[in-house]
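In what follows, chains carry the letters A, B, and so on, assigned in the order in which the sequence lines appear, proteins first and then strands, with residues in each chain numbered from 1.
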Protein chains: 2
Amino acid sequence: MADRTGQPVGSGGAPPAGRRDTRARMVVAAAELFRERGYDGTGCRDVVARAHAARGAIYHHFPGGKTQIGVDAARWAGDRVAQRIEAACADAAPVDAVRAVLDLAEQILIGGGGPAGCPVAAVALSAEDTDGTLRAVANNAFDRWRTAIAGCLTSDGVAAARAARFAAMTVAAVEGAVVLCRAAGGIEPYRDVRDGILDHLDHLLGTVTPNAAP
Amino acid sequence: MADRTGQPVGSGGAPPAGRRDTRARMVVAAAELFRERGYDGTGCRDVVARAHAARGAIYHHFPGGKTQIGVDAARWAGDRVAQRIEAACADAAPVDAVRAVLDLAEQILIGGGGPAGCPVAAVALSAEDTDGTLRAVANNAFDRWRTAIAGCLTSDGVAAARAARFAAMTVAAVEGAVVLCRAAGGIEPYRDVRDGILDHLDHLLGTVTPNAAP
DNA sequence: CAAGCTCTAGGACAACTGTCCTAGAACCTG
DNA sequence: CAGGTTCTAGGACAGTTGTCCTAGAGCTTG
């Protein structure tokens, strides 16, 4: 809803739309649309419309066409989430860090008014990506997320292989919960998935947290 | 590759394609294509081409158009998987049942030559599904899968709420692993996810299986 | 003010989409 | 074989898509 400078994307009803940050607005708009409607379900015209840009801006700012928009949007969204995960994992004990990551996921991917979705997953599932350009970007993001979570656990004494498995499972479960929540039309499936992950974390760390019912 | 009667879909190079099972062939072809290219990435013409059918067959057999093809394909694929999960959960101890489910997932969703994919998830992520018809079918399938897995655990003494969380987490993790494997272009992410789930299962059941390295 | 560059604005185009339509082949029933 | 039903075959159509293009607005520098 707000781009990286913090200013609103569309300042009111019908903004003049003639500033120099068109490219950045398009990246944000594309990430939002991919989240909502998927990569194949989003047209270049949808992107420029939401970004209040002109169609000519597409090939001026993104000579690589739709693919490059996908690359940039997935990279932007993936980096943004990675930074927040890394921040959450840097200065907290594993239990709190994972809890923060799960809250982050609920806030970014599941909740937020509209239906659940993830721009990185959307780009990874693109049908036209024959050369794997888009998938590579998505893979990079997933990798960063996993690495951050795993690192948080190993620094607390969990064995590296076990931490890697937990991190992979957590990222996969969250991405899968997006699909389940889409299908269910609500947030409930995520709640179960999140609590299941926390069950596992409790066992991993050998602690028992109060709000995990038997 | 083979339809529900067991006979090959296309008996050789260019079959005469004039039998009466056109509808069933189209459902199978649609499920395959949705798995490979997603719902929005698959055209009606792709479906009839793979099913060796004529374009007129679309609205003859599916008066509801593409949406109905999606409904039938997701229902068919979802039921098929549900039956196999239920069978695996009916006659085995939880450890073996979950292991069988995970092997099933690897075989159906992740492996199989081409890229990872799931027709049910593809239908759930459709962009045009404004009235929720497609999502309802997908939700139904996910629900059956979860219920079967959870039931297997509760019948072995695991508390119902905990079993439900584990089942939700397992289904979500597998669906998410499909996305991770798409992005990675290989099966490796799934291996970690699967072993993470088995770690959790070991703890849930209080056993220690030999091939789960620390 | 003049020249030059960056960027917006939207027309044009071929390819493709879902949908509907009519013709005729194939089959079943009498 | 006649009559009717079921299904295949593909043409037609309006709408959309990604892409490329030219025209000009707006800013920056001399």
Side-chain angles (χ1 to χ4, degrees), chain A residues 3 9-11 14-27 29-30 33-34 36-73 122-123 126-131 133-134, chain B residues 3 9-11 14-27 29-30 33-34 36-73 122-123 126-131 133-134:
Chain A
D3 74 1
V9 167
S11 59
R19 263 72 39 63
R20 192 82 97 279
D21 57 345
T22 303
R23 205 197 124 99
R25 286 203 322 276
M26 286 179 67
V27 169
L33 284 162
F34 294 160
E36 292 168 26
R37 314 174 39 84
Y39 181 86
D40 297 314
T42 300
C44 291
R45 282 160 171 86
D46 300 330
V47 174
V48 296
R50 178 164 307 198
H52 300 292
R55 243 185 26 263
I58 299 174
Y59 290 86
H60 180 78
H61 292 292
F62 303 89
K66 191 185 180 186
T67 302
Q68 193 181 345
I69 296 180
V71 166
D72 283 27
V123 160
S126 150
E128 296 122 5
D129 181 35
T130 46
D131 60 352
T133 313
L134 292 170
Chain B
D3 75 1
V9 166
S11 58
R19 261 74 40 59
R20 191 82 95 283
D21 58 347
T22 304
R23 205 197 124 98
R25 286 204 323 276
M26 285 179 68
V27 169
L33 283 162
F34 293 159
E36 291 167 26
R37 313 174 40 84
Y39 181 85
D40 297 314
T42 301
C44 291
R45 283 162 171 85
D46 300 332
V47 175
V48 295
R50 178 165 307 199
H52 300 292
R55 244 187 23 264
I58 299 174
Y59 291 86
H60 181 79
H61 292 292
F62 304 88
K66 191 186 179 184
T67 302
Q68 192 179 345
I69 296 180
V71 166
D72 283 28
V123 161
S126 151
E128 295 123 5
D129 181 37
T130 47
D131 60 352
T133 314
L134 292 170

Rounding to a whole Å, what distance do you find between [X]:[atom1] and [N]:[atom2]?
| X | N | atom1 | atom2 | result |
| --- | --- | --- | --- | --- |
| Phe62(A) | dC20(D) | CZ | P | 15 Å |
| Gln68(A) | dT19(D) | CD | P | 11 Å |
| Glu128(A) | dT17(D) | CD | P | 12 Å |
| His60(B) | dG10(D) | NE2 | P | 17 Å |
| Ile58(A) | dG10(C) | CD1 | P | 13 Å |
| Asp129(B) | dG18(C) | CG | C1' | 16 Å |
| Asp21(A) | dC7(C) | CG | P | 11 Å |

Next on the checklist: Under the rule for side-chain hydrogen bond (donor to acceptor under 3.5 Å, both in side chains), what residues qualify as partners of Asp40(A), not counting sequence neighbours?
Outcome noted: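 Expected list: none.
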
Next on the checklist: For the backbone of Ala51(A) and the side chain of Arg25(A), can you confirm whether one donor and one acceptor N or O come within less than 3.5 Å of each other?
Outcome noted: yes

Checklist entry - Is a side-chain donor or acceptor of Asp46(A) paired with a backbone partner of Arg50(A) at a separation under 3.5 angstrom? => result no

Hey, does [Y] have a side-chain heavy atom less than 4.5 Å from the side chain of [X]?
| X | Y | result |
| --- | --- | --- |
| Tyr39(B) | Ile69(B) | no |
| Pro63(B) | Gln68(B) | yes |
| Ile58(B) | Met26(B) | yes |

Checklist outcome for this item: Among dA9(D), dT19(D), dT8(C), the one nearest any side-chain atom of His61(A) is dT8(C)

Each nucleotide N or O in nucleotides 13-17 of chain C that has a protein N or O under 3.5 Å away: list the pair and distance.
none

Item to check | Tyr59(B) vs dT19(C): side-chain N/O to OP1/OP2 distance below 4.0 Å | outcome: yes

Between [X] and [Y], what is the shortest heavy-atom contact and its length?
| X | Y | result |
| --- | --- | --- |
| Leu134(B) | Ser126(B) | CD1-OG, 3.6 Å |
| Ala122(A) | Gly38(A) | CB-CA, 3.9 Å |
| Phe34(B) | Gly70(B) | CE1-CA, 3.7 Å |

Checklist entry - NA contact type, Gly56(A), heavy-atom cut-off 4.0 Å: base, sugar-phosphate, or nothing? => result base

Checklist entry - Stems in DNA chain D: runs of 3 or more consecutive Watson-Crick or G-U pairs, distances under 3.5 Å? => result C:1-27 with D:4-30

